[in-house]
Amino acid sequence: MDKFLNSSRKRDNPEVISNIEKKQKIRKYDDSYLNFGFTSTVVANVEHPQCVVCLKVMAVESMLPNKMKRHLETVHGNLVNKPRDYFVSKLKAMAQQKHIFTKQATIPSKALLSSYKVAWRIAKSKKPHTIPENLILPAAMDMVSIMIGDAAAKQLQNVPLSDNTISRRIQDMAEDINDQLIEKLIGNDFAIQLDEATDCHNDAHLICYLTEKITSFKRKLVLWKNKMDEGALNDCFPTLYMFLHENNLNLIESIKLVFMEHLSQLIVHFQNYFPEDDQQRNWIKDPFTTDLPSELTITEQEQLIDLYSDSVSKSKFVSLSLPEFWIAMKKQYPIVANKAIRTLIPFASSYLCETGFSALAVIKSKYRGKLNNEKEMRIALSKFTPRFDDLMQQKQAQPSH
């Protein structure tokens, strides 16, 4: 009984168990094991024997010549007298099979990325969605077949390029670009200026646009209010004038007052959002020759005085454009620089807006009248590049059928 208890205590003792584990010899694969039809493979960082005939992975304890020979005799008895060269050929075939499997596994993911890249170029060039399948893929297969070979050309058929697939890719990329834009705008100052145009189907489109248009619109509001007060509707309100004339009606005073109140409110709101560029803002245009503006706070005035005396800033003012100068001053003079930048933001060029309208005319032609061009426009006009890796992680790669 004591002998049994002592033996039990030894088995339960962690130190004894640790010593037993240390004494266990971990056998390594030897090249001679191929004579029994075995190679090795790594599972969970541990080397295991693997049969090159049935591809069965054995336990670590089977890394012994007698156990490998037993497997060969009991499972593959007809191969016992085969020479080593036979098992070498089986090992090469197994390696080639693994290579083919790995290669085939990477084709869908590469095809998915190729599909996104083609869709991106289609949207950037403002072309129809049918071009990839009808033109790009056949042309690419012709070039690859001639330059590389037919086998390589056939792999291009795995790239999904149908018009519906291209549409989905463009939608995914447009949403990703929109997310990137929102991330960049968060915490930063920006302005929205608007202009509209109609396409070939008389659908209205709104695009960001210049301060000159805003100033012109504010002055037109005053003109329209005066004309409404005078009753001269023909010039400024032709639709209202035609309605009253065709129905033999007169504009009653109560309705006229509603219209005038609405115009007055528009004038007030536009003046608040887009104040006139008066003399008080000359310090932004030339901070080195203008008198110290009284409307600035004491802190802003002190920082502007420091800027006046900075010779390095003076040299930058000569060599940089006005927006570039104030952006360069943000680090050293953040208070006045940010105030100036917020004032300069609405004074954007109309170039991008005109470019947008030109792109719209190409994208939404009379042959693509039903197209929802918002996503197409976002990719065609944006300077952001889609995050292809993120997009691919959200999709399951499938070969083309």
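Note that the structure is predicted; figures quoted are calculated from it, not measured. What's counted below: heavy atoms across the whole structure, side chains too, no hydrogens, waters or symmetry copies.
- Counting heavy atoms from C-beta on, the side chains of Pro49 and Met68 come closer than 4.5 Å.
- Relative ring orientation between Tyr29 and Tyr33 is described as perpendicular, the plane-to-plane angle rising above 60° on a 0-90° scale split at 30° and 60°.
- Without hydrogens or angle criteria, Ser319 side chain to Lys316 main chain gives a donor-acceptor distance under 3.5 Å.
- Using a 3.5 Å distance cut-off with no hydrogens or angles, the side chains of Asp176 and Gln180 do pair a donor with an acceptor.
- Within 6.0 Å of the NZ atom in Lys256, the count of heavy atoms belonging to other residues, nucleotides or ligands exceeds 12.
- Dense packing is recorded around CZ of Arg84, with more than 12 heavy atoms of other residues, nucleotides or ligands lying under 6.0 Å away.
- Residues Leu304 and Tyr333 fail the side-chain proximity criterion, which asks for heavy atoms closer than 4.5 Å.
- Counting non-hydrogen atoms of neighbouring residues, nucleotides and ligands closer than 6.0 angstrom, the CZ atom of Phe243 reaches no more than 12 such neighbours.
- The main-chain N or O of Pro334 is found under 3.5 Å from a side-chain atom of Asn338 such that the two form a donor-acceptor pair.
- From Phe38, atom CZ reaches atom CE of Met63 across 9.5 Å, with rounding to the nearest 0.5 Å.
- By the 4.5 Å heavy-atom criterion applied to side chains, Arg169 and Leu112 are counted as neighbours.
- Salt bridge status for Arg168 with Asp163: absent, with no side-chain N to carboxylate O gap under 4.0 Å.
- Atom NZ of Lys124 has more than 12 heavy atoms from other residues, nucleotides or ligands within 6.0 Å.
- Trp120 contributes atom CH2, which lies 11.0 Å from atom OG of Ser125 (distance to the nearest 0.5 angstrom).
- The CZ atom of Phe317 lies 13.5 Å from the CG atom of Asp310; values are rounded to the nearest 0.5 Å.
- Atom NZ of Lys56 has 12 or fewer heavy atoms from other residues, nucleotides or ligands within 6.0 Å.
- For the atom pair CE (Met228) and CZ (Phe237), the distance works out to 4.0 Å, reported to the nearest 0.5 Å.
- Checking Ser321 against Glu324 by side-chain atom types alone, a donor-acceptor pair falls below 3.5 Å.
- With salt bridges taken as basic N to acidic carboxylate O contacts below 4.0 Å, one links Glu183 and Arg387.
- Side-chain contact between Tyr308 and Lys314 is absent, with no heavy-atom pair separated by less than 4.5 Å.
- Side-chain atoms of Leu391 and Pro386, non-hydrogen and from C-beta on, do get closer than 4.5 Å to each other.
- Using a 4.5 Å heavy-atom threshold, the side chains of Leu240 and Phe259 count as touching.
- Figure legend: cation-pi geometry between Lys90 and Phe87 absent, as NZ or CZ is not positioned both under 6.0 Å from the six-membered ring centre and within 45° of its axis.
- A donor atom on one side chain and an acceptor atom on the other are found under 3.5 Å apart for Glu47 and Ser40.
- Side-chain contact between Cys54 and His71 is present, with at least one heavy-atom pair separated by less than 4.5 Å.
- The distance from atom CG of Asn164 to atom CD of Glu133, rounded to the nearest 0.5 Å, is 9.5 Å.
- With rounding to the nearest 0.5 Å, the separation of CD in Glu73 from NE2 in His76 is 12.0 Å.
- Here the side chains of Thr130 and Leu135 are not in contact, with every heavy-atom distance at 4.5 Å or above.
- Applying the 6.0 Å contact sphere to CG of Asn81 captures no more than 12 heavy atoms from other residues, nucleotides or ligands.
- At a cut-off of 3.5 Å, with distance as the only test, a side-chain donor of Ser167 or His129 sits close to an acceptor on the other residue.
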